[in-house]
Amino acid sequence: MKKKLTRSSKNRILAGVCGGIADYLGIDVVWVRLVLIILTPLTYFLTVIAYIVAIFLIPETRNIQITDGSRKDVTNSVKVSDEEKK
């Protein structure tokens, strides 16, 4: 399966852009964040603009569970038993 660049839903501080890039490249997110921090003053803060643009261009990772041939989004689904409802 081909890897796709997505924003991380687990490894995030602001919007998950650095976490998504790190997952895509297969490196630790700390290295991506350090490069971003080092490049920011050297590029006259263009990396901040690039980060904001990436928030809107890179889709967020969605946790999809496939059951019985249908797709179910499990990001916000919680099972509640009958005993917990009482």
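When a residue number appears, it is its place in the shown sequence, counting from 1. For clarity, every value in this text was computed on a predicted model and none was experimentally measured.
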Least distance between heavy atoms, [X] atom then [Y] atom:
X	Y	value
L5	I58	O-CG2, 3.7 Å
Y51	C18	CE1-SG, 4.0 Å
A54	V17	CB-CG1, 3.8 Å
G19	S8	C-CB, 3.7 Å

Roughly how far, to the nearest 0.5 Å, is the CG atom of L14 from the CD1 atom of I55?
7.0 Å
In a table with atom names and distances, give each donor-acceptor pair under 3.5 Å that connects a side chain of residues 33-40 to protein atoms at least two apart or in another chain.
from	atom 1	to	atom 2	distance (Å)
T40	OG1	L36	O	2.6
T40	OG1	T47	OG1	2.7

For residues 7-27, which residue pairs qualify under salt bridge (charged side-chain N to carboxylate O under 4.0 Å, His left out), counting only residues two or more places apart or in two chains?
R7-E60, R12-E60
Heavy atoms of other groups near Y24 OH, more than 12 under 6.0 Å:
no
Cluster partners of Y44, using ILVMFWY side-chain heavy atoms under 4.5 angstrom, listed by chain and number?
none
